[in-house]
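Computed over heavy atoms, backbone and side chain alike; hydrogens, waters and symmetry mates excluded.
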Amino acid sequence: MAKYTVNPEAVARARELIDARQYVLDSDWGTVQPDAAAQNAYLKSHSWEEYARWHLGLTEGATDGTKARYAFVYGDLRRVHRTALIACVYRASEWRHKDIELAAHDLLQRLDAKTA
């Protein structure tokens with residue numbers, strides 16, 4: 001099983017987006033999450049550093065500048081999705097990636113507090 005560390009730049013970027021009200025509260029994450037084509041299109045006009053900031057997890061041992069390096073996407077490459085954060089919490093919890101789970105949970109709480 002892959003091991004992950006929390007991507008602090010992604011957590012900071014997600015907080016910025018939440019504070020700037022750049023989020024979607026109700027979406028079907030399975031439909032709107034960025035697929036390979038959307039990720040490739042994003043990478044044509046954005047840097048790997050910008051791409052990395054959309055992923056809460058960094059895969060240990062994977063090379064920077066490869067898609068394999070980045071995991072636990074929390075938005076559609078434009079906005080944070082509440083359902084994406086829920087998916088991150090669930091998936092990280094399921095596979096016992098506690099630091100990722102807690103980072104996603106904290107962001108979900110921040111979003112919910114902002115929109116209460």
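A distance below 6.0 Å separates the ring centres of Tyr4 and His97.
Ring-plane geometry between Tyr51 and Tyr42 is classed as tilted, the angle between the planes lying from 30 to 60 degrees on a 0 to 90 degree scale.
Nearest heavy atom pair, residue Ala71 against residue His55, reads O-CB, 3.3 Å. Shown here for Ala14 and Val80, the closest heavy-atom pair between the two residues is O-CG2, 4.1 Å. Closest approach of Tyr70 to Ala52, counting heavy atoms only: CE2-CB, 3.3 Å. Between Tyr23 and Ile18, the shortest heavy-atom contact is CE2-O, 3.5 Å. Closest approach of Trp29 to Ala87, counting heavy atoms only: CD1-CB, 3.9 Å. Across all their heavy atoms, Ala84 and Gly75 have their closest contact at CB-N, 4.1 Å.
When hydrophobic clusters are built by joining Ile, Leu, Val, Met, Phe, Trp and Tyr residues whose side-chain heavy atoms come closer than 4.5 Å, directly or via intermediates, Leu102 is not grouped with Leu85. Both Ile86 and Leu107 are part of a single hydrophobic cluster, where members link through side-chain heavy atoms under 4.5 Å apart. When the side chains of ILVMFWY residues are joined at heavy-atom separations under 4.5 Å, either directly or via intervening members, Leu56 and Leu77 end up in a single hydrophobic cluster.
Using a distance-only test at 3.5 Å, with no hydrogens or angles considered, no donor-acceptor pair links the side chain of Gln33 to the main chain of Gly30. A donor-acceptor pair is defined here as one N or O able to donate and one able to accept, closer than 3.5 Å; such a pair exists between the side chain of Arg69 and the backbone of Thr59.
A heavy-atom distance below 4.5 Å is found between the side chains of Val6 and Val11. Here the side chains of Phe72 and Val89 are not in contact, with every heavy-atom distance at 4.5 Å or above.
Here the straight-line distance linking atom CD1 of Ile100 with atom CG of Asn7 works out to 8.0 Å at 0.5 Å rounding. Taken to the nearest 0.5 Å, the CG atom of Leu25 stands 10.5 Å off from the CZ atom of Arg79. One distance of note links CH2 of Trp54 with CD of Gln39; it measures 12.5 Å at 0.5 Å rounding.
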Hey, can you pull the donor-acceptor pairs under 3.5 Å for the side chains in residues 109-116, sequence neighbours left out?
unit_1, atom_1, unit_2, atom_2, d
Gln109, NE2, His105, NE2, 3.4
Arg110, NE, Asp19, OD1, 3.2
Arg110, NH2, Asp19, OD1, 3.4
Arg110, NH2, Asp19, OD2, 2.8
Asp112, OD1, Arg82, NE, 2.8
Asp112, OD2, Arg82, NH2, 3.2
Thr115, OG1, Leu111, O, 3.0
Thr115, OG1, Asp112, O, 3.4

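Residues satisfying the side-chain hydrogen bond (donor to acceptor under 3.5 Å, both in side chains) criterion with Arg96, sequence neighbours excluded, are absent altogether.
A salt bridge links Lys98 to Glu101: at least one charged side-chain nitrogen sits closer than 4.0 Å to a carboxylate oxygen.
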- With side-chain contact (heavy atoms from CB on, under 4.5 Å) as the test, would you mind laying out the steps for Lys67 and Leu43 before giving the verdict? CA-CA 10 Å; Lys67 288 184 187 177; Leu43 283 166; 4.1 Å; yes
